[in-house]
Amino acid sequence: MPAKRPRLPLHFQILIGIFVGAGIGFTASTIAGGPAFVTNWVKPVGDIFIRLLKFIAVPLIFVSLTKGISDLKDLTSLSRMGLRTIGWYMLTTVFAVLLGLLLVNFFEPGAFVSADTLATLEAGMPASISEKVEIGTRNAAGGPLDFFVRIVPSNIFESLSQNGSLLQVIFFTIFFSICLLLVPEESQSPVKKLIDALNVVLLKMVDVIIMVSPYAVVALMAALFAETSDAGIIKALISYAGVLLFGMAIMLVIYSLLVRSFTGMPVMTFVRGIMPAQLVALSTSSSMATLPVTMDCLEERLEVDNEVVSFVCPVGATINMDATSLMQAIATVFVCQVLGHELAWNDQLVIVLTATLASIGAAGAPSAGIVMLVIVLESVGFPSEKLPLALAMILAVDRPLDMCRTVVNVTGDACVAVLVGASTEVASESN
Ligand code: ASP
């Protein structure tokens, strides 16, 4: 019998899918009727994949987080893990904002944008811009404690049915699981058994969805490349894009160094382990849609404990977006440079605070960061009549940058999961 050929590793399969999809999309964009064909017949396959990933996310969070918490030996471990997670998330986010401010003030990308580019942008401003400004302004209107109020669901079934309410689902699940630990054994055990069994089934579903990911990314990338983007505008704003990409590359290096120095895990092991999630993030532009893949990579490929993964990743996909906060800092100063809005040094401090909060509030969805940019711009007194032009400028080059941001956001969550995983292992060994 001929020997069975070894299967290509998943990340290579997805990578090939990305290139094949880009090739199909690019070719279609040069043929009359090609883009319409891709939109009608190819793109739906990618859309179905994103829907599959999204529908599994909420049940997966509920079941695996309940399992994770109810498997813990005591509640002290939960609070220790929670504090470490939030601590790392805050640290990396604030670092990203500071890095962004440093880079944008040093390179001054705004100085490279010509008056012609501004005129082109103003002339071709899409109607959706004013809608984005409006959503951003509405989000900014809440009081200082509004964020905490919104974490508590008023109707859990409503939260479970909305992908944007992940923090509410997490709040309910933690509360539910803690109370599960507090009730007598005979009430605990049937619930735990059901949760364990559901967990196995859901993980199987994730495996099946991941198996089709190489084909799905062909569709997603084909659709992306078939929509021709204005190369002229991208070139005109390349200074901004370049600074942001440079910042994101630094963040990726920082994550690898953190993992290496705190856990001893070789950088290549980390990179290889998390790569399928990074590639899915690149193709979907959504950390929320990528969440099931991120969790699978961490548990199966990097062997991080289920308790840690099921807590750290869902929380991270909602509140930890380092590349989004980096973008907020760079984009804010950049548009102020281009549109001549003076920023005092204390404005830069305000940016540290608001960009951090805005990235926490941003949903893990395509272009979510852009909407939150309105909040940061308003906090430094940016004139509201210039907001549409500012957003048009950032949005013109946002599609490829959003893809890269999502890769960095997902890698940041994975990095913290590995760090927290290693520290809880050490703690339980020393007990
Ligand atoms: N698309 C990003 C994410 O899902 C959010 C953003 O920066 O727009 O992580």
Side-chain angles (χ1 to χ4, degrees), residues 46 49-51 53-54 57-58 61 89 92-93 96-97 99-100 128-129 131-133 135-136 139 162-167 217 220-221 224 240-241 243-245 247-249 251-252 255 274 277-295 297 312-332 334 351 354-377 390-391 393-417:
F49 176 64
I50 295 188
R51 280 169 177 256
L53 285 171
K54 282 189 176 168
V58 170
I61 292 171
Y89 281 160
T92 48
T93 304
V97 179
L99 175 70
S128 58
I129 290 282
E131 193 191 314
K132 290 208 158 60
V133 173
I135 299 175
N139 282 347
Q162 281 170 13
N163 280 338
S165 311
L166 273 197
L167 279 184
V217 296
L220 289 168
M221 296 312 277
L224 181 72
Y240 158 72
V243 173
L244 182 50
L245 286 172
M248 289 199 262
M251 288 308 293
L252 289 177
Y255 297 141
I274 200 65
Q278 289 177 322
L279 296 174
V280 171
L282 187 82
S283 334
T284 60
S285 288
S286 165
S287 1
M288 156 82 187
T290 314
L291 181 63
V293 189
T294 316
M295 290 171 71
C297 287
V312 178
C313 292
V315 173
T318 6
I319 68 163
N320 183 52
M321 298 194 192
D322 299 338
T324 307
S325 58
L326 178 86
M327 177 276 252
Q328 313 270 1
I330 295 179
T332 304
F334 170 72
I351 295 176
T354 45
T356 306
L357 293 178
S359 78
I360 293 175
S367 288
I370 289 283
V371 172
M372 302 310 268
L373 187 60
V374 175
I375 298 180
V376 187
L377 280 168
L391 283 205
M393 196 154 54
I394 300 300
L395 210 54
V397 280
D398 198 56
R399 191 67 181 93
L401 295 176
D402 189 12
M403 295 162 68
C404 302
R405 277 205 304 274
T406 313
V407 173
V408 178
N409 288 343
V410 163
T411 313
D413 298 345
C415 161
V416 172

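Each ligand, and each atom within it, is numbered from 1 in the order the structure gives. Just so you know, these numbers come straight off a predicted model, no measurement behind them.
- For the pair Met393 and Tyr240, the minimum side-chain heavy-atom distance is 4.5 Å or more.
- Each of the following atoms of ligand 1 lies closer than 4.0 Å to a heavy atom of Ser285: 1 (N), 4 (O).
- In this structure, the side chains of Leu357 and Ile375 stay at 4.5 Å or more apart for every pair of heavy atoms.
- Using a 4.5 Å cut-off on side-chain heavy atoms (C-beta onward), Cys297 and Ile274 make contact.
- When only non-hydrogen protein atoms are considered, atom 9 (O) of ligand 1 lies nearest to Ser287 OG, 2.4 Å.
- Asp322 has its side chain out of reach of Tyr89: every pair of non-hydrogen atoms, C-beta onward, lies at least 4.5 Å apart.
- Protein heavy atom closest to atom 8 (O) of ligand 1, with residue, atom name and distance, is Gly369 N, 2.9 Å.
- For atom 1 (N) of ligand 1, the closest non-hydrogen atom of the protein is Asp402 OD1, 2.7 Å.
- Remark: ligand 1 atoms within the under-4.0 Å shell around heavy atoms of Asn409 are 2 (C), 3 (C), 9 (O).
- Using a 4.5 Å heavy-atom cutoff, the side chains of Thr290 and Leu53 are not in contact.
- Two residues are said to be in side-chain contact when any heavy atoms from C-beta on lie closer than 4.5 Å; Met221 and Met403 meet this criterion.
- The distance from ligand 1 to the heavy atoms of Thr324 drops below 4.0 Å at these ligand atoms: 5 (C), 6 (C), 7 (O).
- Regarding atom 5 (C) of ligand 1, its nearest protein heavy-atom neighbour is Ala365 O, 3.6 Å.
- If you number the atoms of ligand 1 from 1 as listed, the ones under 4.0 Å from a heavy atom of Ser286 come out as 4 (O).
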